[in-house]
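Atoms within each ligand, like the ligands themselves, are counted from 1 in listed order. Side chains are part of it too, since the values below use all heavy atoms of this structure and drop only hydrogens, waters and symmetry mates.
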Amino acid sequence: MRRSIIAGNWKMFKTCAETRAFFDALIPEIQNVEHCDIVVAPPFTALSTAVDETEGTRVAVSAQNVHSEKEGAFTGEVSVRMLTEVGCTYTIIGHSERRQYFGETDESVEKKTLASVGGGLNAIVCVGEILSERDSGQAIEVVRRQVRIGLGRLTESALSHIIVAYEPVWAIGTGRTATPEIAAEMHAEIRKIFAEIYNPAAAYALRILYGGSVKPDNISALMKKEDIDGALVGGASLDPASFVRIIKYS
Ligand code: 13P
């Protein structure tokens, strides 16, 4: 059985003080949660605070992005080693907002993914089509390309540190969630691509999260689908009360 993951992507929200307040409210509510892994991805500036606040708890801390080089003259960037040093165990890679606003490509996703797992991080790698691609019937083809280029050349040991997040761009921050059926269809497709590239066992073991307007009132229906192994939550992960309700989906 694959273990579920509920992950919160805070994007460019929360200062260090707000991060402390969030965990002060969250931690007492999740003491007895054992059915899923919990991951929170604050902005770089709050990572260290988040690591301190979650020490000794079951919450893992993730970055939202990372650079593929070990170090160098890359103003404004952060390396894998910098993240592991502060206590991060995950990073998100290739989020659609990174692709859309910061020029990330399937090729940069591959480099970042290889660097991350090579340096000891678990990588939550995002894929997903934009609205015009879905409307023109190209959604599967687009995701296939993203997976093949971004995740097509991993070693067997690297694979166990990869989590895929399917985030249809038209469902992010729009309140328009993909139906559980639409999400499940793409998740099954992603698993099929992994079986083709690697092998059925690796594909079966892969955890695939859904992201895009996940809320307390739609998480349960999504999680009932066999190929949906968790969620990458944006807006609804910022409020501890709603994030707790998502973590405690039934
Ligand atoms: P929302 O949950 O706000 O739609 O954001 C989803 C997302 O982008 C998570 O990475």
K.L.:
Without hydrogens or angle criteria, can the side chains of Gln64 and His95 be said to hold a donor-acceptor pair below 3.5 Å?
P.N.:
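No, His95 and Gln64 have no side-chain donor paired with an acceptor closer than 3.5 Å.
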K.L.:
Is the number of heavy atoms from other residues, nucleotides or ligands under 6.0 Å of Glu107 CD greater than 12?
P.N.:
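Buried by this count: over 12 neighbours within 6.0 Å.
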K.L.:
How are the rings of His187 and Tyr166 set relative to one another: parallel (under 30°), tilted (30 to 60°) or perpendicular (over 60°)?
P.N.:
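It falls in the perpendicular class, over 60°.
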K.L.:
Please assess Arg191 against Asp229 for the test salt bridge (charged side-chain N to carboxylate O under 4.0 Å, His left out), listing each intermediate value before the final yes or no.
P.N.:
CA-CA 12 Å; Arg191 219 176 283 291; Asp229 304 311; 2.9 Å; yes
K.L.:
Under the ring-ring contact (aromatic ring centres under 6.0 Å, His included) rule, what pairs show up with a residue in residues 16-55, not counting sequence neighbours?
P.N.:
Trp10-Phe22, Trp10-Phe23, His35-Tyr249
K.L.:
Find all protein N or O atoms under 3.5 angstrom from an N or O atom of ligand 1 and list the pairs with distances, or write 'none'.
P.N.:
residue: ligand 1; atom: 2 (O); partner: Ser213; partner atom: N; Å: 3.4
residue: ligand 1; atom: 2 (O); partner: Gly234; partner atom: N; Å: 2.9
residue: ligand 1; atom: 3 (O); partner: Gly235; partner atom: N; Å: 2.9
residue: ligand 1; atom: 4 (O); partner: Gly173; partner atom: N; Å: 2.6
residue: ligand 1; atom: 4 (O); partner: Ser213; partner atom: N; Å: 2.7
residue: ligand 1; atom: 5 (O); partner: Lys11; partner atom: NZ; Å: 3.3
residue: ligand 1; atom: 8 (O); partner: Lys11; partner atom: NZ; Å: 2.8
residue: ligand 1; atom: 8 (O); partner: His95; partner atom: NE2; Å: 2.8
residue: ligand 1; atom: 8 (O); partner: Glu167; partner atom: OE1; Å: 3.4
residue: ligand 1; atom: 10 (O); partner: Asn9; partner atom: ND2; Å: 3.0
residue: ligand 1; atom: 10 (O); partner: His95; partner atom: NE2; Å: 2.9
residue: ligand 1; atom: 10 (O); partner: Glu167; partner atom: OE1; Å: 3.2
residue: ligand 1; atom: 10 (O); partner: Glu167; partner atom: OE2; Å: 2.9

K.L.:
Do the charged groups of Asp106 and Arg148 touch, with an N to O distance under 4.0 Å?
P.N.:
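No.
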